Amino acid sequence: MNQTTNSILMIRPVAFRMNEQTAVNNYYQKVLDNLTPTSVNAKAQEEFDTFVQKLRMIGLNVVVVEDTLSPDTPDSIFPNNWISFHENGDVVLYPMFAENRRLERREDVLDHLEEEGFVINEIMDYTSAEDDDIFLEGTGSIVLDRANGKAYCALSPRADEELFIEFCEDFEFTPVIFEAFQTVNGERKHIYHTNVIMCVGETFAVICADCIDDKKERKMVLDSLKGDEKEVILITEDQVNNFAGNMLEVKGTDDRRYLIMSASAHQSLTKKQIAQLEEHVTIVSSSLDTIEACGGGSARCMMAEIFLPKE
């Protein structure tokens with residue numbers, strides 16, 4: 001299986017704001033008191049459009065679908081949490097923690113992809129787990145090493161262990177399970193999504209090992225990555241707060257390898273880390289300050305990779 005793709009789905013926001021329903025366990029979200037809701041959305045749209053433009057300039061096939069005003073979906077800009085696309089033509093729908101995020105799941109998004117020539121064979125729907133308050137938020141909760149058949153998951157209120165194992169059995173991934181924490185007001189709290197602290201590329205992995213408090217679990221995760229001959233690039237918790245873990249490797253023109261991240265993530269990296277990454281990829285970054293502050297997510301969360309076959 002390929003680890004990276006040239007096609008991604010992105011949802012352009014129409015009413016982006018800080019989502020009060022996700023803020024209960026996403027400690028990266030902030031209220032921007034000095035901005036009106038309209039100006040928050042306008043800034044988010046501006047950041048989104050610039051970002052898409054940069055991605056298209058490197059030869060990425062970006063499928064943009066406009067969000068709708070109704071229903072109210074303040075986090076629609078992060079589609080990777082509710083849907084994932086696989087090489088065998090499978091589409092997976094995931095159970096979401098916040099009730100207003102469940103409304104992001106739209107059938108017309110699939111119609112749009114089929115119009116673009118992508119083939120959808122089967123839809124795997126795990127969303128009934130929501131009835132039992134069980135959640136697994138897509139490639140936010142799960143970081144896939146598709147090439148090595150592994151799936152990494154930091155358990156949290158948004159990532160249920162049993163459902164994750166079921167997903168791994170259904171898609172023949174080996175589960176790598178651990179817990180990751182961040183310090184919030186002096187307390188260690190679960191990190192809400194795995195993709196905030198780690199990114200797995202073709203030949204490298206970026207991870208904040210310091211977030212994995214249990215030493216045995218930390219060693220197990222690092223051994224797993226190194227065992228697959230990935231260069232492991234360690235980042236700090238402070239860099240995680242700047243979304244340096246929230247990156248995605250993609251294929252541009254002529255299969256060139258790029259690593260996509262936000263400007264704040266890029267600026268937080270040391271010269272040494274940048275040099276390590278540039279051995280593998282070309283870095284592309286874009287300012288996502290408003291989206292990061294209000295949404296508590298960054299570049300990776302905005303891109304749902306499309307691995308579906310083409311007609």
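Throughout, residue positions are numbered sequentially from 1 according to the sequence presented. This structure is a prediction, so every number in the text was calculated from the model and none was measured.
- Distance CG/Asn80 to CG/Leu248: 9.0 Å, rounded to 0.5 Å.
- Under the 4.5 Å side-chain contact rule for hydrophobic residues, Ile306 and Leu93 share a cluster.
- Between Ile77 atom CD1 and Glu104 atom CD the span is 10.5 Å, to the nearest 0.5 Å.
- Exactly one residue among Thr174, Asp228, Val200 makes a side chain to side chain contact (heavy atoms under 4.5 Å, CB included) with Asn148. That residue is Asp228.
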| message | Run Arg188 and Glu179 through salt bridge (Lys or Arg N to Asp or Glu O under 4.0 Å) and show every step you take. | response | CA-CA 11 Å; Arg188 294 298 271 172; Glu179 286 182 290; over 6 Å; no
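- Cluster annotation: Ile11 and Leu110 are assigned to the same hydrophobic cluster (Ile/Leu/Val/Met/Phe/Trp/Tyr, side-chain heavy-atom contacts under 4.5 Å, transitive).
- Between the side chain of Arg256 and the backbone N or O of Thr282, no donor-acceptor pair lies under 3.5 Å.
- Counted within 6.0 Å of CE on Met124, heavy atoms from surrounding residues, nucleotides or ligands total more than 12; the atom is thus considered enclosed.
- Annotation for Asp72 and Leu103: closest pair O-CD1, 4.0 Å, computed over non-hydrogen atoms.
- Geometric assessment of Arg146 against the ring of Phe307 yields a positive cation-pi assignment under the 6.0 Å and 45° thresholds.
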| Step-by-step side chain to side chain contact (heavy atoms under 4.5 Å, CB included) determination, Asn2 to Lys251 | CA-CA 11 Å; Asn2 291 310; Lys251 272 194 264 216; 4.1 Å; yes
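- Defined by atom type and a distance below 3.5 Å, a donor-acceptor pair is present between the side-chain atoms of Glu292 and Ser298.
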| query | Which is it for Lys230 and Asp145 under the salt bridge (Lys or Arg N to Asp or Glu O under 4.0 Å) test, yes or no, and what are the steps along the way? | reply | CA-CA 11 Å; Lys230 302 213 185 276; Asp145 183 347; 3.6 Å; yes
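- At distances below 3.5 Å, not a single donor-acceptor pair connects side-chain atoms of Gln239 with backbone N or O atoms of Ala244.
- For the pair Ile134 and Tyr126, the minimum side-chain heavy-atom distance is 4.5 Å or more.
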| Ser264/Ser262 under side chain to side chain donor-acceptor pair (under 3.5 Å): CA gap, chis, key distance, verdict | CA-CA 5 Å; Ser264 64; Ser262 71; 3.1 Å; yes
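- Atom CG of Asn246 is separated from atom CE of Met302 by 10.0 Å, given to the nearest 0.5 angstrom.
- No more than 12 heavy-atom neighbours from other residues, nucleotides or ligands sit within 6.0 angstrom of CD on Glu279.
- The closest side-chain donor-acceptor pair between Glu249 and Gln3, if any, does not fall under 3.5 angstrom.
- Using a 4.0 Å cut-off between a side-chain N of Lys or Arg and a carboxylate O of Asp or Glu, Arg300 and Glu305 qualify as a salt bridge.
- Rounding to the nearest 0.5 Å gives a distance of 9.0 Å between CE of Met10 and CG of Leu60.
- The number of heavy atoms from other shown groups lying within 6.0 Å of CZ (Arg56) is above 12.
- Under the 30°/60° scheme for interplanar angles, the aromatic rings of Phe97 and Phe135 are found to stand perpendicular.
- Without hydrogens or angle criteria, Asp160 side chain to Glu162 main chain gives a donor-acceptor distance under 3.5 Å.
- Using cut-offs of 30° and 60° for the angle between ring planes, the Phe78 and Phe16 rings count as perpendicular.
- Nearest heavy-atom pair across Thr203 and His280 is OG1-ND1, 2.7 Å.
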| Do Glu237 and Gln182 pass the side chain to side chain donor-acceptor pair (under 3.5 Å) test, and can you show the C-alpha distance, the side-chain angles, and the key distance before you say yes or no? | CA-CA 7 Å; Glu237 279 193 49; Gln182 66 190 120; over 6 Å; no
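- Side-chain atoms of Ser287 and Glu47 form no donor-acceptor pair, as typed in the model, at a separation below 3.5 Å.
- When only modelled atom types and interatomic distance are considered, Ser224 and Tyr152 share a side-chain donor-acceptor pair under 3.5 Å.
- If you check the side chains of Thr127 and Asp125, you find a donor sitting under 3.5 Å from an acceptor.
- The cluster map of Ile, Leu, Val, Met, Phe, Trp and Tyr, joined by side-chain heavy atoms under 4.5 Å apart, puts Leu136 and Leu144 in the same cluster.
- Relative to the six-membered ring of Phe118, Lys310 meets both conditions, a distance below 6.0 Å and an angle of at most 45° to the axis.
- Between Pro74 and Asn100 there is a side-chain heavy-atom pair separated by less than 4.5 Å.
- Between Ala154 and Ala180, the closest heavy-atom pair is CB-CB, 4.0 Å.
- Judged by distance alone, with hydrogens and angles left aside, the side-chain atoms of Ser156 form a donor-acceptor pair with the main-chain N or O of Tyr192 at under 3.5 Å.
- Under the 3.5 Å distance criterion, the side-chain polar atoms of Asn6 are left unmatched by any main-chain donor or acceptor of Asp255.
- Although no hydrogens or angles enter the test, the distance criterion places no donor-acceptor pair under 3.5 Å between the side chain of Ser76 and the main chain of Pro13.
- Panel note: side chain Ser268, backbone Ala265; a donor-acceptor pair is recorded below 3.5 Å.
- The backbone N or O of Cys153 lies less than 3.5 Å from no partner atom in the side chain of Thr194, so there is not a single donor-acceptor pair.
- Contact annotation: the side chain of Leu308 never approaches that of Glu87 to less than 4.5 Å [non-hydrogen atoms, C-beta and beyond].
- Val63 and Leu55 fall into different hydrophobic clusters, where Ile, Leu, Val, Met, Phe, Trp and Tyr residues are linked whenever their side-chain heavy atoms come under 4.5 Å apart, directly or through other members.
- The pair Asp214-Lys216 fails the salt-bridge criterion, with no side-chain N (NZ, NE, NH1 or NH2) lying under 4.0 Å from an Asp/Glu carboxylate O.
- Ionic pairing of Arg12 and Asp49 is present here: one or more N-O contacts between side-chain nitrogen and carboxylate oxygen are shorter than 4.0 angstrom.
- With 3.5 Å as the limit, one finds a donor-acceptor pair spanning the side chains of Tyr94 and Ser84.
- Put simply, Ile291 and Val65 are part of two different groups of oily side chains (I, L, V, M, F, W, Y) that touch within less than 4.5 Å, one to the next.
- Here Ile142 contributes atom CD1 and Asn195 contributes atom CG; the two are 10.5 Å apart, rounded to the nearest 0.5 Å.
- Using a 4.0 Å cut-off between charged nitrogen and carboxylate oxygen, Glu46 and Lys43 do not count as a salt-bridge pair.
- Of the inter-residue distances, the one linking Thr73 atom OG1 with Trp82 atom CH2 reads 10.5 Å to the nearest 0.5 angstrom.
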